[in-house]
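What follows is a short report on a single structure.
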Amino acid sequence: MTGDYILNLKENEPDGVKKTNYGGWQSRSFEILDERPIAIERFIQTVQKSINECTKMSGLMDLQISDYWWNINSKGDYNHPHDHRDSILSGVYYIDIPK
């Protein structure tokens with residue numbers, strides 16, 4: 001379901017966003033309060049729960065997901081090294097990785 005949702009986004013916005021990606025496709029940024037399908041909501045809740053557990057174990061302040069986006073990269077595509085200004089924590093979750 002999650003993968004289908006992301007592929008549908010790409011189909012409806014084929015140009016995507018060009019930031020740090022070389023090749024590939026990147027969606028626009030979504031605010032955490034934006035409406036989204038239940039599968040994406042569950043995914044975000046699961047990630048937020050993991051963040052809460054990590055911050056508690058490490059003694060960090062509470063952190064909240066503020067925005068997110070989707071990337072689709074194929075063989076040869078990549079993202080240039082970059083940082084996320086004003087972020088304490090950022091991460092990547094790979095939905096599908098070829099063997």
Side-chain angles (χ1 to χ4, degrees):
M1 169 73 179
T2 304
D4 291 338
Y5 170 76
I6 297 165
L7 290 172
N8 189 49
L9 285 175
K10 181 182 177 190
E11 186 175 308
N12 290 322
E13 300 175 22
D15 293 335
V17 174
K18 302 291 184 217
K19 288 193 176 182
T20 64
N21 46 320
Y22 177 83
W25 175 84
Q26 182 173 322
S27 75
R28 61 186 166 86
S29 183
F30 294 90
E31 300 294 322
I32 199 63
L33 298 176
D34 289 345
E35 188 175 325
R36 57 189 162 264
I38 191 70
I40 303 300
E41 180 62 32
R42 287 185 184 138
F43 173 76
I44 299 254
Q45 289 174 356
T46 300
V47 172
Q48 184 64 59
K49 183 179 176 185
S50 295
I51 291 168
N52 295 346
E53 291 170 3
C54 290
T55 56
K56 184 176 180 180
M57 287 188 309
S58 63
L60 290 173
M61 68 178 121
D62 290 341
L63 300 175
Q64 297 294 317
I65 299 171
S66 60
D67 65 334
Y68 61 96
W69 57 90
W70 309 103
N71 286 358
I72 298 176
N73 286 336
S74 299
K75 186 174 183 175
D77 299 337
Y78 63 91
N79 289 73
H80 294 280
H82 62 281
D83 62 17
H84 295 242
R85 294 178 200 204
D86 301 323
S87 293
I88 294 170
L89 179 67
S90 60
V92 176
Y93 176 80
Y94 293 91
I95 294 174
D96 185 26
I97 301 172
K99 293 182 180 188

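When side chains are defined from C-beta on, Leu89 does not count as touching His84, because their heavy atoms never get closer than 4.5 Å.
The minimum heavy-atom distance linking Ile95 with Ile6 is given by the pair CD1-CD1, 3.4 Å. The two residues Trp25 and Pro14 make their nearest non-hydrogen contact at CD1-O, 3.5 Å. Here the closest non-hydrogen pair linking Gly24 and Asn21 is O-ND2, 4.0 Å.
Sorted by first and then second residue, the pairs that involve residues 10-20 and meet salt bridge (charged side-chain N to carboxylate O under 4.0 Å, His left out), not counting sequence neighbours, are Glu13-Arg28. Applying the salt bridge (charged side-chain N to carboxylate O under 4.0 Å, His left out) test to every pair with at least one member in residues 74-93, sequence neighbours left out, gives no pairs at all. The stretch residues 37-61 participates, sequence neighbours left out, in these salt bridge (charged side-chain N to carboxylate O under 4.0 Å, His left out) pairs: Arg36-Glu41.
In the hydrophobic clustering of ILVMFWY residues, with side-chain heavy atoms under 4.5 Å counting as a link, Ile32 and Met61 come out together. A continuous path of ILVMFWY side-chain contacts below 4.5 Å connects Val47 to Leu63, so both sit in one hydrophobic cluster.
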Report the C-alpha separation of Leu7 and Ile72 in whole Å, then their side-chain angles, then the decisive distance to 0.1 Å, and conclude whether the side-chain contact (heavy atoms from CB on, under 4.5 Å) test is met. CA-CA 8 Å; Leu7 290 172; Ile72 298 176; 3.9 Å; yes
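Annotation: the span from Leu60 atom CG to Ile51 atom CD1 amounts to 11.5 Å, rounded to 0.5 Å.
Judged by distance alone, with hydrogens and angles left aside, the side-chain atoms of Asn12 form a donor-acceptor pair with the main-chain N or O of Asn8 at under 3.5 Å.
Residues satisfying the ring pair (Phe, Tyr, Trp, His ring centres under 6.0 Å) criterion with Tyr93, sequence neighbours excluded, are Phe43. Applying the ring pair (Phe, Tyr, Trp, His ring centres under 6.0 Å) test to Tyr78 and every residue at least two apart in sequence or in another chain returns Tyr22, His80.
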With a 3.5 Å cut-off and sequence neighbours excluded, list the donor-acceptor pairs that the side chains of residues 64-71 form with protein atoms.
unit_1: Asp67; atom_1: OD2; unit_2: Ser29; atom_2: OG; d: 3.0

